[in-house]
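Single-structure report; data block below.
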Amino acid sequence: MMYEQEAVIRHESGIHARIAAMIVQRAKELGRKYGTRLYLRSERSERCEMHSLMKLVALKISCGDSVFVAAEGDEGRQAVYEMVKFLEGDFEMNEPGEIHEMDLLLHENALMQERLQMILEAVQDGICVVDRTGEITYVNPSYLRIVHKTPEMVVGQNVFKTAPDGNRCGVLRSGVARIGSISHKKDGTTVVANVNPIFVDGEIAGVVSVIKDITELQNLMARLSQVSARAEYLEQELLRTKKTAQAFKNYIGKSGKVVDVLALASKAAGSSATVLVRGESGTGKEVIAEGIHYASERRRGPFIRVNCGAIPGTLLESELFGHEKGAFTGAVRRKLGKFELADHGTIFLDEIGEMDKNMQVKLLRVLQQKEFDRVGGEETVHVDVRIIAATNRDLEQMVKDGTFRDDLYYRLNVIPISLPPLRDRVDDIPLLVEHFIAKISAENGKPVRGITPEAMQVMMRYQWPGNVRELENVIERVITLMDSETITITSLPSYIKGEMAGREVRHFAADTAVLPWEEYEKQIIANALRQCGSFNAAAKMLKITHKTVAAKARKYDLV
């Protein structure tokens with residue numbers, strides 16, 4: 001149970017530093033004597049333990065003021081009684097030992113204040129103390145360094161006049177702390193501040209502001225972001241490293257059209273002119289573009305790929321040119337665009353015909369002036385980038401229709417390279433088939449000896465609307481599903497065999513020779529399957545049951 005008793009201070013000077021030191025010393029003696037703790041409060045303050053000289057002085061007790069002494073337990077009652085008697089006395093010290101103890105306590109307090117001052121001056125964070133009127137009463141050296149001012153420019157200034165809308169004024173008015181507030185100074189400095197109120201006797205007596213300069217941190221983060229983006233790209237590109245002499249080794253073929261294409265691409269690699277690669281989907285436009293880069297003087301620079309048709313128009317600008325932090329929702333940091341990453345290298349813009357006219361204007365600026373602006377940014381970025389574009393669309397017709405800018409078309413079409421479709425270079429199919437068999441069998445760990453002449457004949461007769469990409473996918477499918485070590489006609493997809501069979505039906509129809517019935521039946525079933533795609537549909541066309549179609553298809557190895 002807490003026992004409390006009132007005491008009236010009668011000393012004419014009230015409780016000043018020396019008297020406070022005497023009270024602290026007496027409280028320690030009574031606490032040891034009665035095994036308790038003594039507490040003190042004024043009429044305006046909360047109860048505090050009587051062991052801090054600074055807290056007692058801060059109470060600002062004058063002559064005639066009342067204070068209240070408290071302690072716990074029966075022994076505490078006697079301790080309270082003796083402390084009240086002491087407080088109401090004249091605080092005279094007759095014994096030399098008492099005077100020495102008071103001087104020692106005051107000396108220790110002075111040392112503590114000196115240590116505190118040394119700590120405040122040593123910390124790297126800026127500290128500013130403001131009193132209840134808004135006047136700045138103290139700043140440490142770090143604060144002056146961060147705000148680039150002298151003590152005369154800061155101490156004594158009133159924040160209600162110099163920064164009426166600032167955090168310190170806000171906390172003085174509300175009494176509510178503001179943590180992690182970021183502000184940008186006129187000199188370009190960015191600081192983060194924690195501003196806390198100071199309460200005395202339940203009333204706000206001022207604020208203390210602790211600030212940290214994060215300008216350098218932000219610069220470091222920006223540089224780290226750039227380095228990280230480049231490192232991430234270079235790590236990926238390390239896997240694609242190629243020797244210059246083998247720049248075009250991935251474009252496989254020996255036909256006359258392929259030789260012409262590679263000769264033109266090699267000449268293009270010797271210049272810095274813009275290249276436009278034309279060709280159907282799957283003809284190897286990216287392979288040619290990559291070869292031009294690695295055969296050029298820019299081969300030590302990055303080769304950046306962008307599929308303009310795979311990126312929504314609303315995101316393409318940010319993808320190509322990057323954005324600043326806060327440029328739009330979700331932009332939590334600066335992002336470098338593909339053009340910036342491709343500096344001193346090559347950027348490959350695939351499916352350029354899918355780009356909308358608004359982006360075409362911005363791309364034209366990069367082509368003409370070698371510069372652009374990040375989304376949400378004010379700084380103009382200059383780059384040295386070679387552009388290789390590719391498309392499978394008719395850009396000339398798009399220019400006539402008004403969907404593609406003619407000035408951009410002429411800028412891109414400096415060196416046009418047209419890639420032939422696979423059906424126009426049939427002689428290269430065996431080379432490609434052998435290449436893909438070796439590559440895919442190694443990747444899948446399946447030993448494949450090769451392909452039969454009959455199966456190769458079927459592959460060469462097929463029209464390959466998907467070009468080289470379709471051929472590679474067919475080989476991968478066959479190797480994955482086959483059980484033997486050699487690719488035969490049976491291993492091939494039915495739609496490839498069906499097209500060949502359909503051609504043979506037309507050939508036999510025009511032939512005067514009479515063949516065995518089974519030959520005609522085989523071609524009829526194959527042609528029906530090719531056109532209909534299923535047993536049920538083929539059966540309806542031939543007006544027989546689907547079971548009969550399925551049985552005949554298995555008999556003639558058409559599935």
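Bear in mind the structure is a predicted one, so any value in this text is a computation, not a measurement. Computed from heavy atoms alone, side chains included, the values below leave out hydrogens, waters and symmetry copies.
- Summarising the geometry, atom CD1 belonging to I347 is positioned 6.0 Å from atom CG belonging to L320; distances are rounded to the nearest 0.5 Å.
- For the pair I440 and V478, the minimum side-chain heavy-atom distance is 4.5 Å or more.
- Proximity of a side-chain donor or acceptor of N250 to a complementary backbone N or O of V287 within less than 3.5 Å is not detected.
- At a threshold of 4.5 Å between non-hydrogen side-chain atoms, the residues V261 and P420 count as touching.
- A donor-acceptor contact shorter than 3.5 Å is absent between the side chain of T452 and the backbone of T488.
- Looking at K338, its side chain never comes within 3.5 Å of a backbone N or O of L349 through a donor-acceptor pair.
- A distance of 11.0 Å separates CD1 of I475 from NE2 of H435, quoted to the nearest 0.5 Å.
- Using modelled atom types and a 3.5 Å distance limit, the side chains of S255 and D427 yield no donor-acceptor pair.
- Between F303 and A289, the shortest heavy-atom contact is CE1-O, 3.7 Å.
- Side chain of K285 to backbone of E280: a donor-acceptor contact under 3.5 angstrom is found.
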Query raised in the report: So V458 and E454, side chain to side chain contact (heavy atoms under 4.5 Å, CB included) or not? Walk me through it.
Result: CA-CA 6 Å; V458 172; E454 294 78 15; 5.9 Å; no
Requested in this report: Assess whether side chain to side chain contact (heavy atoms under 4.5 Å, CB included) is satisfied between I292 and R386, documenting all intermediate values.
Outcome: CA-CA 11 Å; I292 292 173; R386 181 184 193 175; 3.8 Å; yes
Query raised in the report: Can you list the steps and then say if V468 with I252 is a side chain to side chain contact (heavy atoms under 4.5 Å, CB included)?
Result: CA-CA 10 Å; V468 178; I252 298 170; over 6 Å; no
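- For the atom pair CD (E286) and CD1 (I388), the distance works out to 10.5 Å, reported to the nearest 0.5 Å.
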Requested in this report: Show the numbers, then the answer: is there a side chain to side chain contact (heavy atoms under 4.5 Å, CB included) between V426 and Y462?
Outcome: CA-CA 9 Å; V426 177; Y462 180 61; over 6 Å; no
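- Looking at E354 and R393, a side-chain N of the basic residue comes within less than 4.0 Å of a carboxylate O on the acidic one, giving a salt bridge.
- More than 12 heavy atoms of other residues, nucleotides or ligands lie within 6.0 Å of CZ in R173, so this atom counts as buried by the packing criterion.
- The minimum heavy-atom distance linking L264 with P416 is given by the pair CD2-O, 3.5 Å.
- Using the six-membered ring where Trp is involved, F372 and F339 have ring planes that are tilted, between 30° and 60° apart.
- A donor-acceptor contact shorter than 3.5 Å links the side chain of Q360 to the backbone of M355.
- Applying salt bridge (Lys or Arg N to Asp or Glu O under 4.0 Å) to K439 and the options E434, E472, E476 leaves one that passes, E472.
- By the 4.5 Å heavy-atom criterion applied to side chains, V433 and I487 are not counted as neighbours.
- The minimum heavy-atom distance linking R477 with Y495 is given by the pair NH1-CE2, 4.1 Å.
- Put simply, the side chain of N140 never gets that close to the backbone of G126: no donor and acceptor are under 3.5 Å apart.
- With hydrogens and angles left out, the side-chain atoms of Q523 and Y556 include no donor and acceptor closer than 3.5 Å.
- H382 places none of its side-chain heavy atoms less than 4.5 Å from the side chain of K370.
- One finds the CD atom of E443 at 10.5 Å from the CZ atom of F436 (value rounded to the nearest 0.5 Å).
- Looking at R299, its side chain never comes within 3.5 Å of a backbone N or O of Y294 through a donor-acceptor pair.
- The side chain to side chain contact (heavy atoms under 4.5 Å, CB included) test with I415 singles out one residue from V277, T274, V275, L276, and that residue is V275.
- Closest of all the heavy-atom pairs between N196 and V171 is C-CG1, 4.1 Å.
- Residues R425 and T283 fail the side-chain proximity criterion, which asks for heavy atoms closer than 4.5 Å.
- Taking each heavy atom of D213 and V191 in turn, the nearest pair found is CA-CG1, 4.3 Å.
- For the pair T391/R278, a side-chain contact is recorded, criterion being any heavy-atom separation below 4.5 Å from C-beta on.
- With a 6.0 Å radius and a threshold of 12 heavy atoms from other residues, nucleotides or ligands, E521 has its CD atom above the threshold.
- For K267, the NZ atom is loosely surrounded, since the number of other residues' heavy atoms within 6.0 Å does not exceed 12.
- With rounding to the nearest 0.5 Å, the separation of CD in Q226 from CG in L341 is 9.5 Å.
- Looking at D394 and K400, no side-chain N of the basic residue comes within less than 4.0 Å of a carboxylate O on the acidic one, giving no salt bridge.
- Within the 4.5 Å cutoff, the side chain of Y143 has heavy atoms near those of the I211 side chain.
- Salt bridge status for K335 with E319: present, with a side-chain N to carboxylate O gap under 4.0 Å.
- The closest donor-acceptor contact from the side chain of N194 to the backbone of V210 lies at 3.5 Å or more, if one exists at all.
- A donor-acceptor contact shorter than 3.5 Å is absent between the side chain of K362 and the backbone of F321.
- Summarising the geometry, atom CZ belonging to F348 is positioned 9.0 Å from atom CZ belonging to R305; distances are rounded to the nearest 0.5 Å.
- A distance-only check finds a donor-acceptor pair linking the side chain of S296 to the backbone of H293 [under 3.5 Å].
- Between A538 and L529 the shortest heavy-atom distance is CB-CD2, 4.1 Å.
- With a 4.5 Å cut-off on side-chain heavy atoms, N467 and L419 do not count as touching.
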